[in-house]
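Residue numbers start from 1 in every chain, and the chains themselves are labelled A, B, ... in the order their sequence lines are given, proteins ahead of strands.
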There are 2 protein chains.
Amino acid sequence: MFSQFRNEFPLSEEKWNEYISYFDRIEVPAKTILLKEGEISKKLFIIEKGCIRVWFNNNGKDLTTQFFFENQSVASIESFMKKFPSQAAVETIEPSVLWYIHKNDLDKILEEIKEIPDLRDRLINMLFQRTFDYMKYFVSFIKDSPAQRYLNLIEERPQIIQRVPQHYIASYLGVTTVHLSRIKSKLLQKK
Amino acid sequence: MFSQFRNEFPLSEEKWNEYISYFDRIEVPAKTILLKEGEISKKLFIIEKGCIRVWFNNNGKDLTTQFFFENQSVASIESFMKKFPSQAAVETIEPSVLWYIHKNDLDKILEEIKEIPDLRDRLINMLFQRTFDYMKYFVSFIKDSPAQRYLNLIEERPQIIQRVPQHYIASYLGVTTVHLSRIKSKLLQKK
DNA sequence: TTCATTTGATAACAAATGTTATCGCATGCT
DNA sequence: AGCATGCGATAACATTTGTTATCAAATGAA
């Protein structure tokens with residue numbers, strides 16, 4: 001799982017092995033709740049196989065805000081960083097194979113690697129990039145119609161279209177399942 | 001302008017004076033474009049007096065995404081950081097008194113202060129906080145009705161309601177001016 | 001296989017929001 | 001003061017999106 005990332009990290013063999021030893025592997029079925037709404041997030045997950053969504057409970061309706069697939073890391077990030085109760089829940093969509101690390105262990109690692117300027121700068125750039133991604137996502141949400149956003153998904157994130165049940169996609173797009181069906185059938189007519 | 005921030009920065013008197021000498025002061029009327037769409041952002045502004053909006057041109061309609069008031073710093077941040085042409089424009093709403101610094105000078109300062117762990121960590125936390133603010137903003141956008149979002153603005157950012165013309169507020173809420181008028185008149189009926 | 005459950009499509013109707021046009025008030029300029 | 005302009009309210013109508021209900025197909029468990 002981790003060897004593919006080995007050469008990205010300028011670390012000694014010892015440190016590398018120490019760091020990956022902090023991770024545990026689990027296999028879970030679909031619809032496993034990894035973090036409940038209101039809980040404090042204490043684990044960061046990395047997906048070996050499967051997919052995960054992050055969602056908010058909004059008056060009983062669920063509102064999916066993010067999807068994650070293989071090799072991505074997942075946490076309710078604000079809860080994880082600041083030890084706040086999470087507003088969001090984290091749940092598998094498919095049966096999944098996951099690796100996770102406890103926050104305490106990750107904090108140890110981060111404390112150590114931030115003395116390495118190269119890694120430190122990369123971390124900062126990641127944070128910036130995440131901000132920019134949110135901005136882009138948000139602007140598209142106000143700018144584009146649901147139909148256009150659906151087309152964007154097809155172009156930019158085909159995995160979502162292929163692997164995620166449609167009602168989750170609808171909530172991600174901010175529309176009802178009924179309306180997403182209408183969008184799809186209109187798009188088919190035009191072709 | 002800067003003396004109120006003096007004690008937040010653990011810097012020598014010399015460095016402090018050097019850093020603030022990089023800033024210039026300008027006075028501009030309302031509706032002054034500080035950055036055009038498509039330009040690369042090379043200045044960071046700090047508002048002494050007045051207010052500013054950041055907006056996107058979307059098929060001729062403008063879409064305001066952010067408002068800034070006294071003591072806040074403003075730039076088209078992705079353009080400024082990465083030297084990309086800016087998708088957004090930056091424009092004064094009121095006649096304003098601004099201070100600005102060129103990116104080159106700011107980069108020099110940042111390069112120096114990031115060796116100070118305290119300042120460096122604060123910078124990183126700022127970036128995280130900005131990410132969290134965007135997430136919150138975004139979630140509210142999908143979760144809440146325009147009327148609810150308008151009520152949130154009254155509660156959380158009364159400056160916007162008081163100082164910003166209504167058509168900018170409408171575009172910020174993602175609705176037309178007509179619809180915002182309807183929202184306001186319905187809220188009045190209920191009281 | 002068989003049955004229950006999940007998922008998705010569609011129709012009919014309701015509610016929310018956009019579009020266009022008109023009016024009036026306030027503001028700033030000369 | 002007088003006038004143009006910007007801003008906001010409102011009405012009538014159009015379009016988009018939500019709600020509820022029903023049905024069909026796919027999927028999963030016994």
How far apart are the C-alpha atoms of E112(B) and Y19(B), what are their side-chain angles, what is the distance that settles it, and do they pass the side-chain hydrogen bond (donor to acceptor under 3.5 Å, both in side chains) test? CA-CA 11 Å; E112(B) 288 183 25; Y19(B) 291 167; 2.5 Å; yes
Rounded to the nearest angstrom, tell me the gap between atom [atom1] in [X] and atom [atom2] in [N].
X	N	atom1	atom2	value
R163(A)	dT7(C)	CZ	P	16 Å
I93(A)	dT7(C)	CD1	C1'	14 Å
L180(B)	dT19(C)	CG	P	15 Å
L188(A)	dA9(C)	CG	C1'	11 Å

What is the distance from atom OG1 of T92(A) to atom NZ of K31(A), rounded to the nearest 0.5 Å?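 Going from the OG1 atom of T92(A) to the NZ atom of K31(A) covers 9.5 Å.
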Atom CD1 of I47(A) and atom CZ of F68(A): how far apart are they, to the nearest 0.5 Å?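 Interatomic distance, I47(A) CD1 to F68(A) CZ, rounded to 0.5 Å: 7.5 Å.
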Indicate whether the side chain of S86(A) and that of S41(A) have a donor and an acceptor atom separated by less than 3.5 Å.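 No - no donor-acceptor pair under 3.5 Å links their side chains.
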Any donor-acceptor N or O pair under 3.5 Å, side chains N57(A), Q87(A):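 There is no such pair between these side chains.
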Nucleotide interval of DNA chain D bounded by contacts with chain A (heavy-atom cut-off, under 4.0 Å):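 Nucleotide range in contact with chain A: dT17(D) to dT20(D).
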Partners meeting side chain to side chain contact (heavy atoms under 4.5 Å, CB included) with K36(B) (sequence neighbours left out):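 Side chain to side chain contact (heavy atoms under 4.5 Å, CB included) check on K36(B) returns I33(B), E39(B).
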Quick check on E155(B): does its CD atom have over 12 non-hydrogen neighbours (other residues, nucleotides or ligands) under 6.0 Å away?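 It does not: E155(B) CD has 12 such atoms or fewer within range.
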Please determine whether the number of non-hydrogen atoms from other residues, nucleotides or ligands lying under 6.0 Å from atom NZ of K82(A) exceeds 12.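 Enclosed.
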Check for me whether K184(A) meets the cation-pi criterion with Y150(A), that is, NZ or CZ under 6.0 Å from the six-membered ring centre and within 45 degrees of the ring axis.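 Geometry flag: not set, cation outside 6.0 Å or 45°.
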Find every protein N or O atom lying less than 3.5 Å from an N or O atom of nucleotides 26-30 of chain C, and list the pairs.
none

Using heavy atoms and a sub-4.0 Å distance, could you list which residues of residues 165-179 of chain B are near DNA chain C? By number, please.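 Of all residues in residues 165-179 of chain B, the ones placing a heavy atom under 4.0 Å from DNA chain C are G174(B), V175(B), T176(B), V178(B), H179(B).
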Q72(B) to F67(B) - nearest heavy-atom pair and separation: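 Closest approach of Q72(B) to F67(B): OE1-O, 4.1 Å.
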What are the two closest heavy atoms between K15(A) and L11(A), and how far apart are they?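 That would be CB-CB, 4.4 Å.
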Protein-nucleotides 22-24 of chain C N/O pairs under 3.5 Å:
none

I'd like to know if the side chain of R163(B) and the backbone of G50(B) have a donor-acceptor N/O pair within less than 3.5 Å.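 Yes, the answer is positive, given that a donor and an acceptor are paired below the 3.5 Å cut-off.
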What verdict does the side-chain hydrogen bond (donor to acceptor under 3.5 Å, both in side chains) test give for D144(A) and N152(A), after you've listed the backbone C-alpha separation in whole Å, the side-chain angles of each residue and the deciding distance to 0.1 Å? CA-CA 9 Å; D144(A) 301 329; N152(A) 292 347; 3.3 Å; yes
Bend angle of the helix from dT1(C)-dA30(D) to dT30(C)-dA1(D) from five-pair axes at both ends, rounded to 10°?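 It works out to 50° between the end axes.
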Side chain of R182(A), base of dG8(C): donor and acceptor closer than 3.5 Å?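 No pair found.
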